[in-house]
Amino acid sequence: MHLSSSKKAANQRKKASNTITLGSKVISLDAYLAPPVKRERSAARPQDGQQLEGPRNLADKNISKVKLIPEQFDQSLPAEKGCPKGTEDTTLLQNRKKLPIWQYRSEIQRALRGSENQVIIIVGETGSGKSTQVPQFLYKESWCNRRKTHAHGSRDEIFVGGTIGITQPRRVAATTLAYRVSHEAGTPLGKVGPDGRGLVGYSVRFDHRVPKGAKIKFLTEGTLLQELLRDPYLRQYSAIVIDEIHERSLDVDLLVGFLKQIINAGTEMRGGIPLRVIIMSATANVEIFKSFFNDASSTVSKTDIVQVLHIEGRQFPVEVIHEARPVADIQDALVKKILKIHMEEPLPGDILAFLTGQEEIEAAQKLIDEYATTLASNMPRIKVLPLYGQLSLDGQQEAFQPVSARFTRKVVLATNIAETSVTVPGVRYVVDCGKAKIKQYRPRLGMESLLAKPISKSSAIQRAGRAGREAPGKCFRLYTEAAFEALSESDLPEILRNDVLGAVLTMKARGIRDVLAFPLIDTPDTEAIEQALIQLHYLGALDDDGYITSAGEKMARLPVPAPLGAVLLAAEKPDFDCVIEAIDIISCITSGEDIFLQVQSEEGQEELELSRKELQRREGDLITYSTTIQQYTAENSDRMQWCKRKKINIRNIKQALNIRRQLRGICLKEKILRNAPEADPQPFTPLAPERAETVLRCFLRGYAYKTAMLAPDGSYVTVHGKHVVAIHPASVLHGQKKEAIMFLDHVFTNKSYAKKVSAIQAAWIAEALEIR
DNA sequence: GAGCACTGC
């Protein structure tokens, strides 16, 4: 255990390419990835045909979203396999004790008992077991009891504490961890203990299982942010554990800001009971978090309120090999490197290559496949599998399965999805092109760009680590050691890459008057915040003095982006009266990438156009969404078949129905919707053209600034900024000339594209802009 | 004529 003071951990910088700072030590990446303690790997190794292994995988949320749905997860708990009844608990405990974090149990408990150290930072590498164990170490501590007390200046009794909240960036992590921890702690989810109370719960969108008396509650970051609206001092919690903070999601950045404010405010509003904060990171670069929270101490006490604990992980060593000189053609170098590894490295050992996008993956796959046919018969075969987000579930699944053919090496060509979101088993060789596509918002242009950029050092290390999960491995970087050195330490956090419109509304709705003074680890440009304030004012969320309006409060309670919230609020007005239609469309828009699957081949394209024809509307994408969800819900024979025929993403349209149900519920509660809509299935009746017009005019109340007019030369020029914008090929209006268009997304890739496009009239824009 | 990855009481 290493308890470092701020000074010691600070100022340590990486010295050589493969070194990393761990507390006061600077060690090489090889050592960093090497097993630090004697491990009993053999005991925890998966047996033949068993994919999941022991505690390491279970503690790790970087897991296949396909493989780890909770039920499967539970069934595959190794401790329960071939294990006589009654010894389950002991085996679970034995496995827990093997985790690196176990030996630091009492130290963690001690660190949190004192009242001075209110913030603990735990650096635990992948496989340290921090996510599953830390809450279990703490929930029996006396400070974790629920207490009856009085809020400051009030005689009313309040209850404070009793629960440890653990946030996760992803739903699947929150739910699977809850299942795992509830098992380990002896009160499986859905069962109650001897005292008739539950122990572990989780709360994510559309899915809440928090038993009465739950001491441990896993939630997504967004869910906790929503809870802050009702419970600004987080009184139900004794402690908040922020897990995976190194991912720096926008929500987590806002969360730590609110946590810092709660700490700064003292304990009066919590009846004298402090809120303990545990920050957990998988990367050692935690100085920013430390100084962020230590700043808070200046107003509370003079002592350091932050302790840092380092816990080693469980990784096999990975040898990192750089290029001697820069490569001219990355794509070519990548293919050659994969083939070289295949020729020179022994089996077993699959190859995972990181590329920037689908296009590059497909091109590389073609080249490798071509080459594979020329392999000598005594050479192992190659099976190339693509892996990217938009790939069908079946396609993704294939990349996770071991190849069935004998004497064959699997080569997975993946986007960044394989860096954190999923784990490909069997990988011992990683090829890293050094780039990734990154989305960045440009406040001045009001548009996003999606371009391939160099990755960060921490990303490169993460990619390399993918080779050392099951055995010692190798990582081939297609760039020089000097180029690695020149990379930035970590990726730009989301709050500096995204539109902060939603973040500003979140702050305003939770009582922050001066958003520029809100404590943030990284503060966006003043200009970006000002743009957001102006836009929120236009949307009616803020009044002329910058205070939140009741409409703004409603918008913050709606789980949709602010402009779409404004659309919903406009939809209830008598001149539009189209809340049901707006909800249908918004559900489709917010249900994921797109409900429409894209098809590669040209012949598939023609077939697709025919089958989708009855869904498409000349008014554009929004009314097409409306038609699609209505036809889908009207379909009561075989929805699955219907989706297959129309090439509709089943997962996303199901998600759209979930969102639709949720939005209808919230709109009823908020009185945006007066009467509950008729239950499905309803017969399909096409939206009349005049109704479609009303719906589009209503959407303009949120998107008047995202419009363009047709110029004499046939191009579209945006009303704001006068930029040329092209209708994206995925839009039903692609290639068409309309007087004016409204678009919900504006992304620069190869050029400036308008997405989710509708045909409108120029006069409507003026109408929408005159409103305020 | 084109799609990094997540996510929301």
Side-chain angles (χ1 to χ4, degrees), chain A residues 61-62 65 167-174 203-208 210 219-231 244 247-252 254-255 354-362 387-391 414-422 433 435-440 448-453 455 459 462 491 494 497-498 502-503 505-506 509 555-562 564-565 586-587 590-594 596-600 602 605 649 655 658-659 662-663 665-666 669-670 726-731 733-735 745 747-751 753-755:
Chain A
K61 294 135 317 301
N62 298 332
K65 58 186 166 191
T167 69
Q168 294 294 327
R170 282 172 283 284
R171 288 162 52 95
V172 65
S203 188
V204 300
R205 192 187 193 183
F206 309 127
D207 198 2
H208 306 273
V210 184
L219 19 63
T220 46
E221 293 152 357
T223 307
L224 187 59
L225 272 180
Q226 288 302 119
E227 286 189 2
L228 267 168
L229 277 176
R230 288 195 310 262
D231 183 10
E244 311 284 19
E247 292 192 16
R248 296 294 303 280
S249 68
L250 208 161
D251 283 351
V252 99
L254 291 177
L255 266 183
F354 286 96
L355 290 87
T356 52
Q358 185 181 339
E359 201 182 325
E360 293 79 5
I361 288 173
E362 280 163 4
L387 180 60
Y388 48 87
Q390 285 297 86
L391 195 67
T415 61
N416 240 3
I417 193 172
E419 190 180 306
T420 50
S421 307
V422 295
C433 77
K435 291 192 171 175
K437 276 192 191 169
I438 292 165
K439 202 175 241 179
Q440 177 136 24
E448 290 175 317
S449 62
L450 178 63
L451 301 168
K453 299 252 173 78
I455 58 172
S459 231
Q462 175 75 17
D491 296 299
E494 212 178 14
R497 291 190 293 111
N498 264 31
L505 180 62
T506 298
M555 281 158 66
R557 284 193 291 267
L558 289 165
V560 296
L564 290 175
I586 290 170
S587 304
T590 56
S591 69
E593 242 339 270
D594 205 338
F596 295 112
L597 287 167
Q598 302 298 322
V599 169
Q600 334 284 356
E602 280 180 24
Q605 200 75 320
N649 184 321
Q655 172 80 343
N658 261 336
I659 295 172
Q662 186 191 23
L663 284 178
I666 295 174
K669 212 163 78 189
E670 299 283 345
I727 296 177
H728 193 274
S731 168
L733 291 185
H734 176 68
D745 293 334
V747 186
F748 187 94
T749 49
N750 290 325
K751 56 181 172 180
Y753 282 113
K755 298 170 95 173

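Predicted model, so just to flag it, every value in this text is computed and none were measured. The sequence lines fix the lettering, A, B, ..., with proteins before strands; numbering per chain opens at 1.
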Considering non-hydrogen atoms only, spot the tightest contact between [X] and [Y] and give its length.
{"X": "A:Ser203", "Y": "A:Val210", "value": "CB-CG2, 4.2 Å"}
{"X": "A:Thr590", "Y": "A:Val560", "value": "CG2-CG1, 4.5 Å"}
{"X": "A:Thr415", "Y": "A:Gln358", "value": "CG2-N, 4.5 Å"}
{"X": "A:Ser459", "Y": "A:Glu419", "value": "OG-OE2, 2.6 Å"}

When A:Arg205 is tested against each of A:Ile659, A:Asn658, A:Thr220 for side-chain contact (heavy atoms from CB on, under 4.5 Å), which residue passes?
A:Ile659

Nearest-Å distance, [atom1] ([X]) to [atom2] ([N])?
{"X": "A:Phe748", "N": "B:dA2", "atom1": "CZ", "atom2": "P", "answer": "12 Å"}
{"X": "A:Leu733", "N": "B:dG1", "atom1": "CG", "atom2": "P", "answer": "16 Å"}
{"X": "A:Lys439", "N": "B:dC6", "atom1": "NZ", "atom2": "C1'", "answer": "11 Å"}
{"X": "A:Leu229", "N": "B:dC9", "atom1": "CG", "atom2": "P", "answer": "11 Å"}
{"X": "A:Lys751", "N": "B:dG1", "atom1": "NZ", "atom2": "C1'", "answer": "8 Å"}
{"X": "A:Arg497", "N": "B:dC6", "atom1": "CZ", "atom2": "P", "answer": "13 Å"}
{"X": "A:Asp594", "N": "B:dG3", "atom1": "CG", "atom2": "P", "answer": "13 Å"}
{"X": "A:Phe354", "N": "B:dC4", "atom1": "CZ", "atom2": "P", "answer": "15 Å"}

[X] near the nucleic acid: base, sugar-phosphate alone, or nothing, with a heavy-atom cut-off under 4.0 Å?
{"X": "A:Leu450", "value": "base"}
{"X": "A:Val560", "value": "base"}
{"X": "A:Thr749", "value": "sugar-phosphate"}
{"X": "A:Thr220", "value": "sugar-phosphate"}
{"X": "A:Glu221", "value": "nothing"}
{"X": "A:Arg557", "value": "base"}

So, is A:Gln358 close to the B:dA2 phosphate, meaning a side-chain N or O under 4.0 Å from OP1 or OP2?
no

OP1, OP2 of B:dA2 versus side-chain N and O of A:Tyr753: anything below 4.0 Å?
yes

Minimum-distance nucleotide (side-chain atoms of [X] versus [options]):
{"X": "A:Thr223", "options": "B:dG8, B:dG1, B:dA5", "value": "B:dG8"}
{"X": "A:Arg171", "options": "B:dT7, B:dC4, B:dA5", "value": "B:dT7"}
{"X": "A:Pro561", "options": "B:dC9, B:dG3, B:dG8", "value": "B:dG8"}
{"X": "A:Arg170", "options": "B:dG1, B:dT7, B:dA5", "value": "B:dT7"}
{"X": "A:Glu359", "options": "B:dC4, B:dG3, B:dC6", "value": "B:dG3"}
{"X": "A:Pro559", "options": "B:dG8, B:dC4, B:dC6", "value": "B:dG8"}

Salt-bridge contact A:Glu247-A:Arg170 (side-chain N to carboxylate O under 4.0 Å)
yes

Residue pair A:His734/A:Asp251 against DNA chain B: nearer the 5' end by closest nucleotide is A:His734

